[in-house]
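Written out below as structure tokens is the structure these notes cover.
Basis for what follows: all heavy atoms, side chains included, without hydrogens, waters or symmetry-related copies.
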Amino acid sequence: EEVNNAFIAAMRDRYEEVAKRPATRMREARAAVDKTFHALVARLEAVITLNGIDFTPELAPFVAEFNAIATRYKNILAIEHGRRAAAAGKDENATDGNEFPDEDNESPVEGQQQ
């Protein structure tokens with residue numbers, strides 16, 4: 001009876017642990033957030049392309065913050081790329097087809113700085 005009670009308690013703990021897990025997986029949530037964020041950026045790029053950054057000064061803080069975030073993210077990707085190359089014993093400056101694209105200066109959001 002003692003062993004059975006211990007087993008029941010262990011199973012109850014496992015069920016509670018599973019029940020506490022989020023229903024949405026992080027990968028799915030991140031994909032949804034990325035999709036929404038890219039739609040927002042595309043819409044702002046359209047507004048800036050039509051009006052120019054000088055005519056939409058209320059967007060300037062967002063553009064500056066977006067540029068800072070994008071630069072930081074690209075630096076993180078470059079660091080991770082170098083780390084993986086070093087771990088694999090490759091020359092981190094060698095090109096293996098996984099280069100990161102250069103910043104597109106034609107993009108109004110990324111090309112404009114305030």
Side-chain angles (χ1 to χ4, degrees):
E1 187 176 328
E2 186 176 320
V3 172
N4 285 341
N5 288 336
F7 176 76
I8 291 170
M11 290 305 292
R12 185 176 41 243
D13 290 344
R14 288 183 188 170
Y15 292 143
E16 288 174 2
E17 180 182 328
V18 170
K20 289 178 185 177
R21 291 182 187 163
T24 304
R25 306 296 299 171
M26 276 305 287
R27 174 175 261 159
E28 296 164 358
R30 191 176 306 124
V33 168
D34 285 346
K35 183 178 178 182
T36 304
F37 180 74
H38 290 300
L40 172 69
V41 170
R43 181 170 280 188
L44 287 174
E45 284 181 344
V47 168
I48 291 170
T49 299
L50 292 174
N51 300 332
I53 193 71
D54 296 332
F55 296 105
T56 52
E58 63 274 2
L59 297 179
F62 176 82
V63 171
E65 186 175 350
F66 176 80
N67 287 338
I69 291 169
T71 301
R72 183 168 183 254
Y73 183 68
K74 287 178 184 180
N75 288 340
I76 290 169
L77 290 178
I79 289 168
E80 185 61 27
H81 179 71
R83 193 176 292 147
R84 288 182 184 172
K90 297 179 185 176
D91 179 11
E92 62 189 45
N93 295 321
T95 58
D96 60 356
N98 290 327
E99 299 86 31
F100 297 106
D102 291 334
E103 186 173 309
D104 179 14
N105 289 330
E106 296 299 318
S107 173
V109 172
E110 288 197 26
Q112 299 280 335
Q113 290 283 337
Q114 283 284 327

If you round to the nearest 0.5 Å, how far is CD of E45 from CG of L40?
10.0 Å
Measuring from T49:OG1 to L44:CG, what's the distance to the nearest 0.5 Å?
10.5 Å
Side chain to side chain contact (heavy atoms under 4.5 Å, CB included) evaluation trace for V3 with F7
CA-CA 6 Å; V3 172; F7 176 76; 5.5 Å; no
For F66 together with Y73, are the ring centres under 6.0 Å from each other?
no
Under 6.0 Å from the CE atom of M11, do we count more than 12 heavy atoms belonging to anything else shown?
yes
Should we count CD of E58 as having more than 12 external heavy atoms under 6.0 Å?
yes
Value for CD1 (I79) from NZ (K74), rounded to nearest 0.5 Å, stands at 14.5 Å
What's the separation between atom CG in N75 and atom CD in E80, rounded to the nearest 0.5 Å?
13.5 Å
Does I48 share a hydrophobic cluster with F37, counting links as ILVMFWY side-chain heavy atoms below 4.5 Å and allowing steps through other members?
yes
Between CZ of R12 and CG of N5, what distance do you get to the nearest 0.5 Å?
9.0 Å
To the nearest 0.5 Å, atom CG of N67 lies from atom CZ of F62 at 9.5 Å
